[in-house]
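Structure first, then comments.
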Amino acid sequence: MFRRFPYLIVMTAVITLVMVGLFLLTNTKMAKDVDNMQHFPPSPTSKDHRQNDSTIEAPLPSTDVPTPKPLQEQTWYRDQVVVLMYHHIADNPQTRYVIRPEQFASHMAFLHENDLRPISLGEFLRFVDTGVLLTKNAVLITFDDGYESYYKEAFPVLEKYGYPSVNFVIAGNLRDVQGRKRENMISPLSHSQIAEMTGSGLVELGSHTYSLHAMEIASEWGELGPRTSPVYLEDLHRVEKEEEYRDRLFVDFKMSRAALKDLIGHQVTSISLPYGYFNDTVLETARQAGYRHIFTSLPGLVAEDVNPIEIPRYDVGLQDFDENRLRQLFQSVRMK
């Protein structure tokens, strides 16, 4: 028996080697089969990034906007919304209704540092319609006119903080890339810029009329007024009649909704009125054209009992509206 022991050891080793060989052969074939089934190369994961590789340069921090400071949670107000209104952003403001890029950046930094919380247009409209608002210190950021500076200057800052906003655009001014630049005119947003921003989930569009954002002769004396007011028909030597006035407004309001639906793929039911001008005819005609919420330029805090066709806004997109004035605005709201 003891003489057979070495023989048993040898036989056991041979059998083990054969089994290991068969295992490796089988698994190699399986691996090849898996490779044949793999249609695309495996994607790298975050574990594959060479985060500690000294040859990879870390991205430089952006100098365009302030680095967000740690915010301290606080309560300014509840069940109310402060609606902020901006227009155009440029390095050298030529009018009162234009602010500098660093000024806008400081506004957004102030919101972040003071726990003021921008909400989406959808959440805001739900509050207007139902009185339900889950967000304290709620702020709605709005822009009028649909200028390209919204994409170039405002959107990167808003995206940095994850802040939603809405731009009320003049639908008739929007152009595709070709033919968008016009002499002595501020460039409007392009279709591709709109697609990129709305695709981010942070940007929504509203109407600022189709082509009524301008001044028009309003009397036989040559006085000017907004195109949303009755205009003087020079060829007929009279101011347009009520029916003519309503028809003109209705056609423009409907054209704007149709153009924006073609552009973004869904109905727009919110409008801001050029120059903040409105009367009973404007409000009623806008409602008949399908607008359920109408934004004005009258200052005021939005509470649950707000009139949905006379929504107030604070115009903070002014050349002289610095961070201190923004703080004063919110402090006045806090005291109410």
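Just so it is clear, the values below take in all heavy atoms, side chains as well, and ignore hydrogens, waters and symmetry mates.
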Please test S190 against Y151 for side chain to side chain contact (heavy atoms under 4.5 Å, CB included), starting from the C-alpha separation and ending with a verdict. CA-CA 9 Å; S190 71; Y151 172 78; over 6 Å; no
Cut-off 3.5 Å, side chains only: do [X] and [Y] have a donor facing an acceptor?
X: Y147; Y: N173; answer: no
X: S219; Y: E223; answer: yes
X: D145; Y: H208; answer: yes

N/O donor-acceptor pair under 3.5 Å between [X] side chain and [Y] backbone:
X: T285; Y: T281; result: yes
X: T135; Y: A138; result: no
X: S200; Y: M197; result: yes

Would you call E244 and K241 a salt bridge, using N to O less than 4.0 angstrom? no
Carboxylate-amine/guanidinium proximity below 4.0 Å for D129 and R292: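 Result for this pair is yes, salt bridge flagged.
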May I ask you to check whether over 12 heavy atoms, not counting those of E243, lie within 6.0 Å of atom CD? no
Atom CG of D262 with >12 non-hydrogen neighbours under 6.0 angstrom: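 Correct, the count exceeds 12.
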Going by chain and number, the hydrophobic cluster around I119 (ILVMFWY, side chain to side chain under 4.5 Å) further includes V81, V83, L121, F124, L125, F127, V128, L133, L140, V166, F168, F295, V302, V306, I311
Do [X] and [Y] have side chains that get closer than 4.5 Å, going by heavy atoms?
X: R248; Y: V231; result: yes
X: D252; Y: S211; result: yes
X: S207; Y: L260; result: yes
X: P101; Y: D91; result: yes
X: R334; Y: Y77; result: no
X: Q74; Y: N114; result: yes

All pairs passing ring-ring contact (aromatic ring centres under 6.0 Å, His included) where residues 249-288 contributes a residue, at least two apart: H213-Y275
Taking only residues two or more places apart in sequence, or in another chain, which ones meet [X] in a salt bridge (Lys or Arg N to Asp or Glu O under 4.0 Å)?
X: D115; value: R117
X: D322; value: none
X: E242; value: R246
X: E159; value: none

Sequence neighbours excluded, which residues qualify as side chain to side chain donor-acceptor pair (under 3.5 Å) partners of [X]?
X: R313; result: T142, D144
X: T95; result: none
X: Y150; result: S165
X: E310; result: none

Carefully, step by step, assess D320 and R325 under the rule side chain to side chain contact (heavy atoms under 4.5 Å, CB included). CA-CA 9 Å; D320 58 350; R325 289 189 62 186; 3.3 Å; yes
Suppose we screen for ring-ring contact (aromatic ring centres under 6.0 Å, His included). Which residues come up paired with Y97, at least two apart in sequence or across chains?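 Counting only residues at least two positions away or on another chain, Y97 forms a ring-ring contact (aromatic ring centres under 6.0 Å, His included) with H87.
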Just jot down the ring-ring contact (aromatic ring centres under 6.0 Å, His included) partners of F104, sequence neighbours excluded, or say none. Y86, F143
Working note: L111 + Y163, criterion side chain to side chain contact (heavy atoms under 4.5 Å, CB included); need CA distance, chi angles, decisive distance, verdict. CA-CA 10 Å; L111 298 183; Y163 287 168; 4.0 Å; yes
One should read off an interatomic distance between K152 NZ and Q193 CD, to the nearest 0.5 angstrom, of 7.0 Å
Going from CZ on R100 to OG on S106, what distance comes out if it is rounded to the nearest 0.5 angstrom? 8.5 Å
Run D79 and K136 through salt bridge (Lys or Arg N to Asp or Glu O under 4.0 Å) and show every step you take. CA-CA 7 Å; D79 300 319; K136 68 176 184 179; over 6 Å; no
Does the structure place the NZ or CZ of R257 under 6.0 Å from the centre of the six-membered ring of Y291, at an angle of no more than 45° from the ring's axis? yes
Y245/V282 under side chain to side chain contact (heavy atoms under 4.5 Å, CB included): CA gap, chis, key distance, verdict: CA-CA 9 Å; Y245 177 41; V282 170; 3.4 Å; yes
Taking every non-hydrogen atom, the tightest pair across A289 and K254: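 Distance-wise, the nearest heavy atoms are O-CD, 3.4 Å.
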